[in-house]
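Read the structure below first, then the notes.
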Protein chains: 2
Amino acid sequence: MRRSKEEAAETIRQLIDIARSHFTEHGYAGAALESIVHEAKLTRGAVYHHFRNKKELFRSVLEAVQKEVADRVEREAAASEDVWQQLYLGCRAFVTAAVEERNKRIMLIDGPAILGWEAWRAMDENHSMRLLRGQLETMQRQGVIGPAPLDAMTHFLSGALNETTLWLAHESARTAALEEAMEAVGFFMEGFKRQAERATGKIEPAG
Amino acid sequence: MRRSKEEAAETIRQLIDIARSHFTEHGYAGAALESIVHEAKLTRGAVYHHFRNKKELFRSVLEAVQKEVADRVEREAAASEDVWQQLYLGCRAFVTAAVEERNKRIMLIDGPAILGWEAWRAMDENHSMRLLRGQLETMQRQGVIGPAPLDAMTHFLSGALNETTLWLAHESARTAALEEAMEAVGFFMEGFKRQAERATGKIEPAG
DNA sequence: CCATTTACATACACACTGTATGTATGTTAA
DNA sequence: TTAACATACATACAGTGTGTATGTAAATGG
């Protein structure tokens, strides 16, 4: 019953895909490998052949999720040439992509808990967060935002977007929620602008 | 070997306390009830008498953590009479309290994963988040921030503070990190101010 | 075409949760 | 004061799930 190389690659893809749906529906702990492989018409032996353990299977799933979301963010942000608009569009793309059922829980809830915050963050730095930080860096180089601490700002905004995503998922009944959330993003950006204006001496600081 | 009521209450406190340290050190999944009760010189029977299951024990631990953190936030925010300063102090108190080892993981990582985001949020609404939302509401009523969507802003800022906390924990070597993080909070507040000024017609919106 | 590797399946050991039941002591009401 | 009951645990066991060791047949490479 040994399969060829391409068939094995297909098996891996299938396992990741099915695991993703099970993790989405039952969470990491609630998703038994047995029921995952059953759907794939395999046994747990197949999983332990292709992945070191359950956690590594989850990591592969998360990797796929992150890549999907980041791709959407990058594509949609590129629709504008204005750096502010790019940031806005990117944030919007992120929350609308991440809010989807098949992304949300794996990416924002189980991800940090299963892999640990550091490993989760390390993965994120290769995807959405890299884009966000890159954008802020560009804006800073262009002088449209002042000499603020990039890392702190990136994490602040990233965390805000993550929680906003989960809130949006919860508020899915209210269509106005997305606009409200984006308004909050706007406030943050306004703060940037004002700080940039201060740095260039347009207005003086308030008390 | 039956204990009196006060002794039983002491048992519960002790279990929560020891469980908290085990959850902190090994995470929820990695903390075996057996090793928790062993430290308390009890058996798992004691746990299942006082708590429905492991998750309920965790919920009790989280409740204690939330209460501690929220109390500190409330106390430190009350040190000022200026609403902006109160918000700033509250945010600062939150991150410095939440960043502590015995709070961080339980509150920000395992909490949502074990109880689910909704239950976790529901608990949070009775603690730190209630304070945050209340403060924003006060500021809005006083007109120092404009007619912005309160819930969206609250979640945005709350999520930002949570991630900032985890980032700070990771950056614990750099003492400047806290100030950088608070600077990011400041940007957000600047956005509020500007938006409030716009609403009251002090300056006109930019493109 | 033979040796070796690969892709799984099978079987088993182990850890942990949860539940059912037992038991001794505290509590309370007649 | 004591019998009846409730409470605070301990003990024993069943179930579920992960991980590991081993088996096996087919694919791959020389």
Side-chain angles (χ1 to χ4, degrees), chain A residues 1-62 106 110-111 113-116 119, chain B residues 1-62 106 110-111 113-116 119:
Chain A
M1 318 227 168
R2 157 87 191 285
R3 308 296 161 77
S4 74
K5 259 182 178 165
E6 306 92 60
E7 284 173 314
E10 172 58 25
T11 296
I12 292 175
R13 265 197 305 275
Q14 196 192 0
L15 280 174
I16 291 177
D17 193 57
I18 295 176
R20 180 172 175 175
S21 74
H22 282 241
F23 288 148
T24 296
E25 202 163 342
H26 309 102
Y28 178 82
L33 290 180
E34 194 62 51
S35 64
I36 291 173
V37 296
H38 179 262
E39 189 173 332
K41 288 182 177 138
L42 294 166
T43 68
R44 285 179 26 256
V47 170
Y48 283 97
H49 175 69
H50 291 296
F51 305 91
R52 280 236 315 282
N53 48 34
K54 189 182 178 182
K55 195 191 284 190
E56 288 305 310
L57 172 61
F58 179 81
R59 184 193 305 276
S60 297
V61 170
L62 177 55
I106 291 169
D110 286 342
I114 303 309
L115 301 182
Chain B
M1 318 230 168
R2 158 87 192 286
R3 309 295 160 77
S4 73
K5 258 181 180 168
E6 305 93 60
E7 285 174 313
E10 172 58 25
T11 297
I12 291 175
R13 264 196 306 275
Q14 196 193 0
L15 280 174
I16 290 177
D17 193 57
I18 294 176
R20 180 171 175 175
S21 75
H22 283 240
F23 288 148
T24 296
E25 203 163 342
H26 309 101
Y28 178 82
L33 290 179
E34 194 62 52
S35 64
I36 291 173
V37 296
H38 179 261
E39 189 173 332
K41 287 179 178 140
L42 294 166
T43 67
R44 288 182 19 261
V47 170
Y48 283 96
H49 175 68
H50 291 295
F51 305 90
R52 278 236 314 283
N53 48 33
K54 189 182 179 184
K55 194 191 285 191
E56 288 305 310
L57 172 61
F58 178 81
R59 185 193 302 275
S60 298
V61 170
L62 177 56
I106 291 169
D110 285 342
I114 303 309
L115 301 182

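Proteins come first, then strands; the chains are lettered A, B, ... in the order of their sequence lines, and each starts at number 1.
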(Q) Each nucleotide in nucleotides 10-17 of chain C should get exactly one letter: B, S or -. Can you fill that in based on protein heavy atoms under 4.0 Å? (A) B-----SB
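Contact annotation: A:Thr11 side-chain N/O to C:dA7 OP1/OP2 distance is not under 4.0 Å. Listed pair A:His49 / C:dA7 meets the phosphate criterion, a side-chain N or O lying under 4.0 Å from OP1 or OP2.
For the ring pair (Phe, Tyr, Trp, His ring centres under 6.0 Å) test, no residue two or more places apart in sequence or in another chain qualifies with A:Tyr48. Residues meeting the ring pair (Phe, Tyr, Trp, His ring centres under 6.0 Å) test with A:Phe51, sequence neighbours left out: none.
Regarding A:His22, its NE2 atom lies at a distance of 15 Å from the C1' atom of D:dG17, rounded to whole Å. Note: CG (A:Leu57) to P (D:dG17) measures 16 Å, nearest angstrom. Rounded to a whole Å, the NE2 atom of B:His50 is 12 Å from the C1' atom of D:dA10. In this structure, the CD atom of B:Gln14 is 15 Å from the P atom of D:dA8, given to the nearest Å. Note: NZ (B:Lys41) to C1' (D:dC9) measures 17 Å, nearest angstrom. Residue B:Phe51 contributes atom CZ, which lies 16 Å from atom P of C:dT19 at whole-angstrom precision. Between the C1' atom of D:dT18 and the CD1 atom of A:Ile36 lies a distance of 12 Å, rounded to the nearest Å.
In this structure, the side chains of A:Ile36 and A:Val47 stay at 4.5 Å or more apart for every pair of heavy atoms.
The side chain to side chain donor-acceptor pair (under 3.5 Å) contacts involving residues 52-61 of chain A comprise A:Glu56-A:Arg59, where partners must be two or more places apart or lie in separate chains. Sorted by first and then second residue, the salt bridge (Lys or Arg N to Asp or Glu O under 4.0 Å) pairs with a member in residues 26-43 of chain A read A:Glu34-A:Arg44; sequence neighbours excluded. Applying the salt bridge (Lys or Arg N to Asp or Glu O under 4.0 Å) definition to pairs two or more places apart or across chains, those involving residues 8-22 of chain A are A:Glu10-A:Arg13, A:Arg20-A:Glu68.
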